[in-house]
Amino acid sequence: MVEIEIDGKTLQVEDGSTVIEAAHKLGTYIPHFCYHKKLSIAANCRMCLVQVEKAPKPMPACATIVTNGMKVFTHSELAVKAQKAVMEFLLINHPLDCPICDQGGECQLQDLAVGYGDSASKYEEEKRVVPDKDLGPLVSTDMTRCINCTRCVRFTAEIAGFMELGQSYRGERAEVMPFIGKTVNTELSGNIIDLCPVGALTSKPFRFSARTWELSRRKSVSPHDALGSNLIVQTKHDKVMRVLPLENEAINECWISDKERFSYQGLNSADRLTKPMVKQGGEWKEVDWNVALDYAAHALRDVAKNHGGAAIGGLLSPHATLEELFLAQKLLRGLGSENVDFRLRHSDFSADGKRAGIPSLGMKLADVSALDRVLVVGSFLRKDHPLIAQRLRQSAKKGTQVSILHSANDDLLINVTARAIAAPSQLPALLAQVAKAVCAAKGAAVPSDLSAVAVTPDAQAIADSLVSGSNSAVLLGNFAQQHPQAATLHALGRLIATTLGGRSGFLGEAANSVGGYVAKAVPGNGGLNAAAMIKTPLQAYVVVGTEPELDAANGAQALAALAKAAVTVVLTPFKTPAMLDYAAVLLPSAPFTETSGTFVNTEGRVQSFYAAAKPLGETRPAWKVLRVLGNLLELSGFDYNSSEDVRNEALGGKREFAAGMSNGIEGVALSIGDGSGKLERVADVPIHFADPLVRRSPALQQAADSAAPSARMNAATLAKSGLAAGDAVKVGAGDTAIRLCASLDNGLPDNVVRIAVAHADTIGLGAMFANLTVEKA
Amino acid sequence: MALIDTINPLLTTGWAKGDAGWGIKEYEARGGYRQLRRVLESKMTQDDLIAEVKKSVLRGRGGAGFPTGLKWSFMPKAAPVKYVVCNTDEGEPGTFKDRDLMRFDPHAVIEGMIIAGYAVGAKAGYNYIHGEIFETYQRFEEALDQARAAGYLGNNVLGSEFSFDLFAHHGWGAYICGEETGLLESIEGKKGQPRYKPPFPANFGLYGKPTTINNTETFAAIPFILGMGGEAYLNLGKPNNGGTKLFSVSGHVNRPGNFEVPMGTPFSKLLEMAGGMRGGRKLKAVIPGGSSAPVLPAEIMMECTMDYDSIAKAGSMLGSGAVIVMDETVCMVKALERLSYFYYEESCGQCTPCREGSGWLYRVVHRIEHGEGRPEDLDLLNRVTDNMMGKTICALADAAAFPVRSFIKHFKSEFEYHIENKKCLVDPETQRMGSGFFKAGAV
């Protein structure tokens with residue numbers, strides 16, 4: 001610690017701190033543009049010049065390291081003169097037309113110009129004009145406004161992991177631009193809008209649609225991935241206009257992914273269901289709520305009476321709120337059904353009943369950054385968990401060894417230490433090899449199930465990395481959880497972690513992957529799980545917040561099952577042609593911005609939020625709909641007055657973290673095959689197709705990450721099938737087939753075809769994990 | 001052009017044969033590589049070597065004049081990987097000494113760099129060569145091959161424990177890459193933009209490793225210093241200004257070229273060596289240390305001796321030793337316009353004051369030169385330069401500001417005349433007379 005004095009106030013700061021950090025600790029604001037606490041120091045804007053005793057020149061506070069006894073003057077004549085000088089330089093070539101700039105009202109340059117600028121410009125020469133750039137569908141440019149602070153450049157290089165922007169040319173002609181002919185495609189690109197201190201980079205979807213001071217702001221929580229990013233939802237006349245990150249160092253830091261930032265467009269989609277609808281005599285009719293609810297209650301009660309409660313199944317979205325999940329399962333159980341599940345994309349449920357508790361990350365998110373060895377198993381990490389990937393990217397730079405065991409070798413933009421890539425059917429064997437090698441290195445007894453396993457060099461390299469650390473974790477991603485041997489992967493991950501004295505955990509798939517368990521939205525004794533409910537069609541379904549043809553592990557099967565049901569009651573914000581086909585009642589339920597609710601994120605953190613806007617049309621919060629439905633069905637315990645009542649019951653009291661979390665598992669018979677040797681499907685859930693809301697954001701659907709699915713194979717597999725990239729191919733699974741375009745992906749192992757799910761083009765292919773045939777179409 | 005005149009030559013002794021004398025055989029015949037051999041064979045300690053350089057009071061010849069021995073002593077002893085880098089990115093208008101040094105005596109630079117590598121414990125070095133002198137770059141590569149073949153470079157230099165290799169790297173013509181940290185960035189394959197200091201290259205240099213970076217002439221002087229001893233070298237010059245120095249004299253003199261003279265030689269003597277003023281015309285002004293040094297009027301300059309201290313006392317800088325001589329036919333406004341354009345063109349664009357200020361300066365001076373000056377412009381120029389100086393990462397903003405301030409300071413009446421009368425004080429006919437580049441009738 002060193003002691004310094006800033007404007008006469010002394011304080012103690014850590015060695016190596018900069019003057020600006022020290023000043024911020026004191027609450028002293030030093031004007032700045034290029035400085036950002038999460039980015040490297042550029043010291044180029046020069047706005048933060050301050051006077052330092054004994055220094056002949058003003059010093060940049062962002063780059064000046066404190067020394068013991070240093071005396072800093074942030075408002076002395078020398079400092080203010082320097083700051084004003086820099087402001088004048090910044091403004092001479094900057095357009096002075098704030099009223100027509102989209103950044104006006106929330107512009108750092110505009111704000112600081114009030115304090116440090118002159119009332120009139122002394123610059124009477126011609127001003128610079130800089131050509132705009134095409135950065136893609138999300139970020140709009142007005143490059144003449146750019147002050148070359150390079151925050152966006154440093155963001156792409158340092159946080160997003162790949163320098164997609166750079167500063168070309170020099171001097172006054174310097175321009176920030178992407179690679180020639182390229183756009184900015186990182187899944188975190190929207191953050192450069194927030195970082196830009198001027199109006200050079202603005203939100204393309206939001207641009208010129210409202211002024212910042214017209215917007216109401218509400219705190220919220222992201223309904224997408226399991227991180228639970230904190231959001232600020234901004235509305236105008238009850239329409240969501242924009243979503244920004246709410247800084248929370250323990251969760252999303254100051255970032256959000258593009259999915260979280262731009263999915264709000266889906267809220268205003270033409271697909272919104274705004275009135276309750278019932279199907280009578282094959283005709284859809286818009287009806288009043290009481291009619292629709294009566295209809296639904298009667299239909300469900302009839303099925304329960306005639307076929308028994310077990311003839312009803314509940315398919316719930318893992319993106320639904322805790323309250324919705326809790327009430328839905330309570331309703332189904334009230335009807336006498338134990339058939340309820342929110343794990344729609346899972347295919348192995350054999351761990352049910354063998355888990356020691358609710359599976360979760362097994363640590364705090366902040367702890368992830370402190371790990372020194374990490375093995376990520378079965379995860380499209382960058383796209384499934386953009387900000388967890390970002391955390392690991394930063395720790396990898398500081399020496400954390402990150403290893404990958406997966407069925408695709410996508411570029412994570414992380415310095416990966418070791419990787420083992422194999423077809424899905426071989427993942428359990430690969431992980432078993434790692435487990436065996438770790439046991440051997442640690443001198444632990446090798447479980448008898450693993451005695452026949454031969455350790456390959458790839459697995460050995462991962463094990464070597466893991467045992468060389470002191471704070472390790474095995475993290476199972478979405479793909480591992482969706483895997484047909486998920487329980488085996490879980491047990492092996494646990495074995496590795498306990499042998500290492502480290503931790504094991506799950507990177508949750510969705511906003512309520514932990515919350516679903518908390519809400520007991522899983523089958524009870526004798527109940528059917530998500531896969532069983534669609535494999536054997538039931539008489540009736542209650543569908544909450546999901547489009548099963550896109551959100552289930554086997555979309556085609558889900559559609560078929562729903563089509564056969566006598567009654568399907570759907571609570572949904574959106575209406576789709578498929579629903580009009582299979583449903584009997586459509587109840588317009590509120591998306592996350594129009595209801596209060598709770599998400600329990602992957603670390604088990606309980607985060608509640610209020611509605612940011614009034615429900616659209618006749619839409620109602622789903623928890624209220626379920627509550628009334630419970631009353632109409634005359635079920636007991638449905639007398640809640642608020643969503644908080646529901647939440648507190650679900651959680652067993654008000655709590656910060658969910659109770660009963662554990663990643664322990666006992667009694668799983670390990671299923672370690674040697675691989676099928678057949679052509680296998682690797683199904684990823686593309687980032688912008690993962691849930692109903694994001695699928696309806698037009699801007700995101702134009703982004704590079706939203707390209708139409710193709711049949712991706714490595715060069716060897718293409719050659720073996722007699723194909724070339726670009727060929728039209730017929731991909732078959734069992735007795736169904738679809739047509740796609742073949743493409744080359746050399747990150748894939750042999751004998752796999754990677755075909756995305758959650759996309760209309762691939763529903764027909766059925767299961768996420770299956771053997772395929774591929775031939776030229 | 002080969003050497004024209006010298007006093008007590010050291011660095012230029014090898015230049016006598018012109019392009020026929022640069023090869024390794026000729027260099028060895030002149031006593032070349034003998035100092036390297038002596039250092040290695042006598043197993044001279046690093047400390048002794050650095051002490052000898054310190055004794056010579058050799059000051060950095062690139063422009064800043066920082067004592068070389070002191071710079072070497074900053075290198076952390078324990079660091080496993082260190083580099084030596086030579087700055088041959090000679091881009092300052094008026095400066096052309098390193099070009100000739102590299103052309104006529106590249107092995108002196110190589111020997112100096114190897115010895116420096118030994119002194120600071122580096123195993124590799126780079127010579128960053130100005131992009132516009134490609135033939136020189138090619139010759140240097142040839143010289144490196146010769147030195148490698150002779151065992152001066154590579155593993156176990158001359159059979160000793162010491163291994164050192166040296167690589168040439170040519171730039172693409174950006175002035176800013178002559179700034180040492182911009183140069184390091186450029187070698188690393190990045191955009192040439194100076195780094196914020198501290199940390200200085202001695203702690204965080206090339207590829208983040210401790211690095212000693214010196215000018216070409218500085219390295220070339222090392223073998224001579226070891227040959228004659230630090231003290232003898234110092235005594236060639238004057239106290240605190242050791243040795244001899246190359247001066248590139250250009251402008252309105254009869255014999256422009258490079259001249260090696262001891263530090264402290266009177267300017268009048270240097271002017272005489274350069275053949276005096278062309279056409280016998282009157283000396284008007286001199287920029288004594290390259291285009292970024294403040295201009296000095298004739299009467300002040302004629303009193304100066306050519307060394308760091310004397311020129312600094314007169315209010316300018318010895319800089320790289322580029323002496324730009326201007327006679328009475330020069331319009332100082334037009335001269336400043338050209339200089340300002342250079343800095344406007346060469347600013348890297350990183351720091352706000354330089355990126356925006358250099359263009360502002362140029363545009364205002366351009367306006368004045370073109371008859372569109374306003375009475376308030378001179379105050380404006382002074383204010384803008386004041387706002388630029390000392391507020392940027394590197395010294396380019398200062399370099400852009402110094403000429404403006406000094407031209408206005410010493411030749412204010414000429415600027416005022418220009419603004420008031422929309423034309424030059426020195427009439428166009430006289431200007432044409434003085435310029436070798438313009439024929440009568442053309443402007």
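Any value given below was found using the heavy atoms of this structure, including those in side chains, with hydrogens, waters and symmetry copies removed. Quick note on labels: first sequence line is chain A, next is B, and so on, each numbered from 1. None of the values given here were measured: they were computed from a predicted structure.
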Engineer: How long is the straight-line distance from SG of Cys45(A) back to CZ of Arg355(B), given to the nearest 0.5 Å?
Structural biologist: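 One finds 9.0 Å between CZ of Arg355(B) and SG of Cys45(A).
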
Engineer: Check whether Thr150(A) gets within reach of chain B through its side chain, its backbone, both or neither, counting any heavy atom under 4.5 Å.
Structural biologist: neither

Engineer: Hey, could you give me the NZ/CG distance between Lys122(A) and Leu380(B), rounded to the nearest 0.5 Å?
Structural biologist: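 Reported value, rounded in 0.5 Å steps: 9.0 Å.
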
Engineer: I want to check something: taking the side chain as every heavy atom from C-beta on, are Glu125(A) and Tyr362(B) in contact at a cut-off of under 4.5 Å?
Structural biologist: no

Engineer: What part of Phe33(A) is in contact with chain B, defined as an atom under 4.5 angstrom from a non-hydrogen atom: side chain, backbone, both or neither?
Structural biologist: neither

Engineer: Roughly how far apart are Asn44(A) CG and Thr392(B) OG1, rounded to 0.5 Å?
Structural biologist: 11.5 Å

Engineer: Rounded to the nearest 0.5 Å, what separation is found between the CD atom of Gln83(A) and the NZ atom of Lys391(B)?
Structural biologist: 11.0 Å

Engineer: Please classify the contact of Glu88(A) with chain B as side chain, backbone, both or neither, using a heavy-atom distance under 4.5 Å.
Structural biologist: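 Glu88(A) touches chain B through side-chain heavy atoms alone.
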
Engineer: A side-chain contact here means heavy atoms from C-beta on lying under 4.5 Å apart; do Ile92(A) and Trp360(B) qualify?
Structural biologist: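 SC-SC contact between Ile92(A) and Trp360(B) confirmed.
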
Engineer: Give a yes or no on whether Lys422(B) atom NZ has more than 12 heavy-atom contacts from other residues, nucleotides or ligands under 6.0 Å away.
Structural biologist: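 Counting neighbours around NZ of Lys422(B), more than 12 heavy atoms of other residues, nucleotides or ligands fall under 6.0 Å, so yes.
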
Engineer: Given that the side chain runs from C-beta out, which part of Leu90(A) has a heavy atom under 4.5 Å from chain B: side chain, backbone, both or neither?
Structural biologist: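 Contact with chain B involves both backbone and side-chain atoms of Leu90(A).
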
Engineer: Between Gln193(B) and chain A, which part of the residue has a heavy atom less than 4.5 Å away: side chain, backbone, both or neither?
Structural biologist: side chain

Engineer: Do we see a donor-acceptor contact under 3.5 Å between the side chains of Gln350(B) and Gln167(A)?
Structural biologist: no

Engineer: Could you grab the distance from atom CE of Met388(B) to atom CZ of Phe89(A), nearest 0.5 Å is fine?
Structural biologist: 6.0 Å

Engineer: Measure Met47(A) against the heavy atoms of chain B and call it side chain, backbone, both or neither at under 4.5 Å.
Structural biologist: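 Looking at Met47(A), nothing touches chain B.
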
Engineer: Less than 4.5 Å to any heavy atom of chain A: does that hold for the side chain of Arg383(B), its backbone, both, or neither?
Structural biologist: side chain

Engineer: Under the salt bridge (Lys or Arg N to Asp or Glu O under 4.0 Å) rule, what do Arg363(B) and Glu172(A) come out as? Steps first, then yes or no, please.
Structural biologist: CA-CA 12 Å; Arg363(B) 288 192 176 88; Glu172(A) 203 185 85; 2.8 Å; yes

Engineer: Counting heavy-atom pairs closer than 4.5 Å to chain B, which one of Pro58(A), Pro56(A), Ala63(A), Ala174(A) comes out on top?
Structural biologist: Ala63(A)

Engineer: Rounded to the nearest 0.5 Å, what separates atom CD in Glu356(B) from atom CG in Leu91(A)?
Structural biologist: 9.5 Å

Engineer: Is it true that Arg367(B) and Glu124(A) have a side-chain N and a carboxylate O under 4.0 angstrom from each other?
Structural biologist: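 No, no charged N to carboxylate O under 4.0 Å.
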
